[in-house]
There are 2 protein chains.
Amino acid sequence: MKKLEEVILYQIDLTTKVAKHYSQSELTRLNLGITIEQWIVLKIISENENFTQKELAIKSYRDPAAITRTIVILEKKGFISRKKVANNARAHCVSLTSKGISFVAENMKIINKHRELSTKGISQTELETLSSVLSKIRKNMS
Amino acid sequence: MKKLEEVILYQIDLTTKVAKHYSQSELTRLNLGITIEQWIVLKIISENENFTQKELAIKSYRDPAAITRTIVILEKKGFISRKKVANNARAHCVSLTSKGISFVAENMKIINKHRELSTKGISQTELETLSSVLSKIRKNMS
DNA sequence: ATAAATTAGTTGATATGTCAATTAATAAAT
DNA sequence: ATTTATTAATTGACATATCAACTAATTTAT
C-alpha cells in the first residue's frame, strides 16, 4: 500500500497548496486587498470581456454559486460591474470597470513574477511533459 | 502576456480540482459519508498512530485551525479519538477507533482505484518527471 | 524563581467549495 | 397555446482555508 507522499494526486494537491500559499502571502504583503481566486476572476474577465457568470464558472472550473459570491465581492470593491444580456434576461454579463482595468494592468507584473519563479530551473522539455501529463490525468478523471 | 490556460500553476490547480471533483463524487455516490479531506486525515493517522494535531497539520499541509475542525467532525462520526499526551499537557494525540480502522481498511480499495485511474496511460518515466518537476516547483515557492 | 517568549490547540471572522433547493426566464413538447 | 423541461443565477447549509486573537502549558532568559 502506497504511502501518501508517493501518490501523484497528493503531490499535485500539495503543489497547489504551496503555490497558493506563496502567492497569497505575497498579495497580502503588498496590501492588494484581494484573494487569488478573486484575481483569477478579474484576469478571466480581462481576457474575455462580457463573459456571463456561467462562462466564468466553466472557465475557472468553479461552482456557479461560488462565482456569484466572488462577483458580489468584486462588485463591492468596484472592480467589476454586471449588466443584463440583451437577448437573454436570465444571464448577467460581467465586465471590468476602469478601476478594474487599471488594477489588473498594475498588478500583472507581480503575478507574472510568481509564475516565472514557479518554473525556475525547470527545462522546456520538462514543462511540456508536465503539461501533457496533467492533461492526461484530467482526461482520466472526467 | 500568457493566457491563463498556458500558465503551469493554473494547470496544476485545475488538475487538483478535476481530481477532487471526481473522487468526491465517487465517495458521495457510494454513500461513504465523508469528504476527501477527512479521508486524508484518517489515512495519515492510520500511517502514523498517535500523531499530534500539529504533526497532522504539517503532514497534510493544512492550517491547525482547519485540522481542529475536521478532527471534531471525525470524532463525532466515531472514527477517531483524542488523548492527552503523557509528557506534554498542551498536545493532543489522535488515533483511530476500531470503527475508524475498519473504515479505512474497507475503503482503501476504492481510493486505490481512483489513484490507478488517474495515472492510466501514463508511462513510468512521465510519472517520474511529473514527480520531480512538482517537487522543484514546491521548492521554488517555499 | 520570576518574567518573557514560545508552543499546541481553540475560536471567531471572512472567503471559498459543494450540493441541494429555489426563482425567474426561456426552450421544447404535446 | 399551454404544459413541461431546461437554463442562469441566487440562496441556504455545511465543510474547508486563512488569518488573527486567545487560552493554557511549557521553555528560556534574566
Side-chain angles (χ1 to χ4, degrees), chain A residues 13-14 16-29 31-42 50-77 79 82-94, chain B residues 13-14 16-29 31-42 50-77 79 82-94:
Chain A
D13 188 30
L14 195 59
T16 295
K17 283 178 179 169
V18 171
K20 277 200 178 163
H21 190 267
Y22 176 85
S23 295
Q24 186 61 65
S25 71
E26 283 296 291
L27 296 191
T28 304
R29 191 177 62 79
N31 256 307
L32 295 201
I34 201 172
T35 69
I36 302 284
E37 304 302 334
Q38 288 166 20
W39 169 266
I40 291 174
V41 168
L42 289 181
N50 286 322
F51 250 26
T52 65
Q53 297 185 203
K54 194 204 164 173
E55 290 169 319
L56 249 175
I58 292 168
K59 184 71 115 184
S60 60
Y61 209 83
R62 287 176 68 195
D63 194 289
I67 292 293
T68 294
R69 281 154 184 149
T70 297
I71 277 177
V72 168
I73 292 170
L74 289 172
E75 213 172 16
K76 275 185 197 157
K77 288 181 180 169
F79 290 136
R82 263 185 295 190
K83 279 164 258 162
K84 289 272 177 197
V85 172
N87 56 338
N88 187 345
R90 275 174 306 193
H92 289 164
C93 71
V94 189
Chain B
D13 188 30
L14 195 59
T16 295
K17 283 177 179 172
V18 171
K20 276 200 179 164
H21 191 268
Y22 176 85
S23 295
Q24 184 64 62
S25 72
E26 283 295 290
L27 297 191
T28 304
R29 191 177 62 78
N31 257 307
L32 296 203
I34 202 172
T35 68
I36 301 286
E37 304 302 334
Q38 288 165 22
W39 169 266
I40 291 173
V41 167
L42 289 181
N50 287 321
F51 250 26
T52 64
Q53 296 187 202
K54 195 204 163 173
E55 291 169 320
L56 250 175
I58 291 168
K59 184 70 117 187
S60 60
Y61 209 80
R62 286 175 69 195
D63 195 288
I67 291 294
T68 294
R69 280 154 184 149
T70 297
I71 278 177
V72 168
I73 293 170
L74 288 173
E75 212 172 16
K76 275 184 197 160
K77 288 180 179 168
F79 290 135
R82 262 185 294 190
K83 280 163 256 161
K84 289 274 177 195
V85 172
N87 55 336
N88 186 345
R90 276 174 306 193
H92 290 161
C93 70
V94 189

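Only a predicted model underlies this, so the values are computations on that prediction, with no experimental measurement involved.
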Rounded to whole Å, how long is the line connecting atom CG of A:Leu56 with atom P of D:dA9?
9 Å
Going by an N to O cut-off under 4.0 Å, is there a salt bridge joining A:Lys20 and A:Glu37?
yes
Quick one: the side chain of B:Arg90 and the base of D:dT26, do they pair up donor-acceptor inside 3.5 Å?
no
Does the side chain of A:Gln38 get closer than 4.0 angstrom to OP1 or OP2 of C:dT16 through an N or O atom?
yes
Would you tell me if any nitrogen or oxygen in the side chain of B:Arg82 comes within less than 4.0 Å of OP1 or OP2 on C:dT10?
yes
Round to the nearest Å and state the distance from A:Lys17 atom NZ to D:dC19 atom P.
14 Å
Roughly how far, to the nearest 0.5 Å, is the CG atom of A:Leu74 from the CZ atom of A:Arg69?
14.5 Å
Closest of D:dT16, D:dC19, D:dA9 to the A:Gln24 side chain is D:dC19
Donor-acceptor contact present, side-chain B:Lys59 to main-chain B:Lys54, <3.5 Å
no
In whole angstrom, what separates B:Lys77's NZ from D:dC14's C1'?
10 Å
For the side chain of A:Gln53, starting at C-beta, report the closest nucleotide among C:dT16, D:dA17, D:dT10.
D:dT10
So, is A:Thr35 near the phosphate of C:dT16, with a side-chain N or O under 4.0 Å from OP1 or OP2?
yes
Is there a donor-acceptor pair under 3.5 Å between the side chain of B:Gln24 and the backbone N or O of B:His21?
no
How many whole angstroms separate atom CZ of A:Phe51 from atom P of D:dA9?
12 Å
Using five pairs at each end of the helix from C:dA1-D:dT30 to C:dT30-D:dA1 to define an axis, what is the angle between those two axes, to 10°?
20°
Please round to the nearest 0.5 Å and tell me the distance separating atom OH of A:Tyr22 and atom CG of A:Leu27.
10.5 Å
Select one nucleotide: of C:dG9, D:dA20, D:dT26, the one nearest the side-chain heavy atoms of B:Ala65.
D:dA20
So, does B:Thr52 get its side chain near the phosphate of C:dA8, meaning an N or O under 4.0 Å from OP1 or OP2?
no
With heavy atoms under 4.0 Å as the rule, sort A:Ile73 into base, sugar-phosphate or nothing.
sugar-phosphate
Check for a donor-acceptor pair, side chain of B:Gln53 on one end and backbone N or O of B:Cys93 on the other, with a separation under 3.5 Å.
no
Heavy-atom nearest nucleotide on DNA chain C for A:Asn88 versus A:Ala66: which residue maps closer to 5'?
A:Ala66
Output the rounded distance in Å from CD1 (B:Ile34) to C1' (D:dC14).
15 Å
Could you give the CD-to-P distance, from A:Glu26 to D:dT18, as a whole number of Å?
16 Å
Any B:Thr68 side-chain nitrogen or oxygen under 4.0 Å from OP1 or OP2 of C:dG9
no
Would a distance-only check, ignoring hydrogens and angles, find a side-chain to backbone donor-acceptor pair under 3.5 Å from B:Gln38 to B:Ile73?
no
Just how far, in rounded Å, is C1' of C:dT23 from NE2 of A:His92?
12 Å
Minimum-distance pair of heavy atoms, taken over all atoms of A:Asp63 and A:Ala57:
C-CB, 4.5 Å
side-chain N/O A:His21 vs D:dA17 OP1/OP2, d < 4.0 Å:
no
Length of the line joining A:Asp13:CG and D:dA17:P, which is rounded to integer Å:
9 Å
When you match A:Lys54 and B:Asp63 each to their closest nucleotide on DNA chain D, which lands nearer the 5' end?
A:Lys54
When you measure from the side-chain N and O atoms of A:Arg69 to the phosphate of D:dT10, is any distance below 4.0 Å, counting only OP1 and OP2?
no
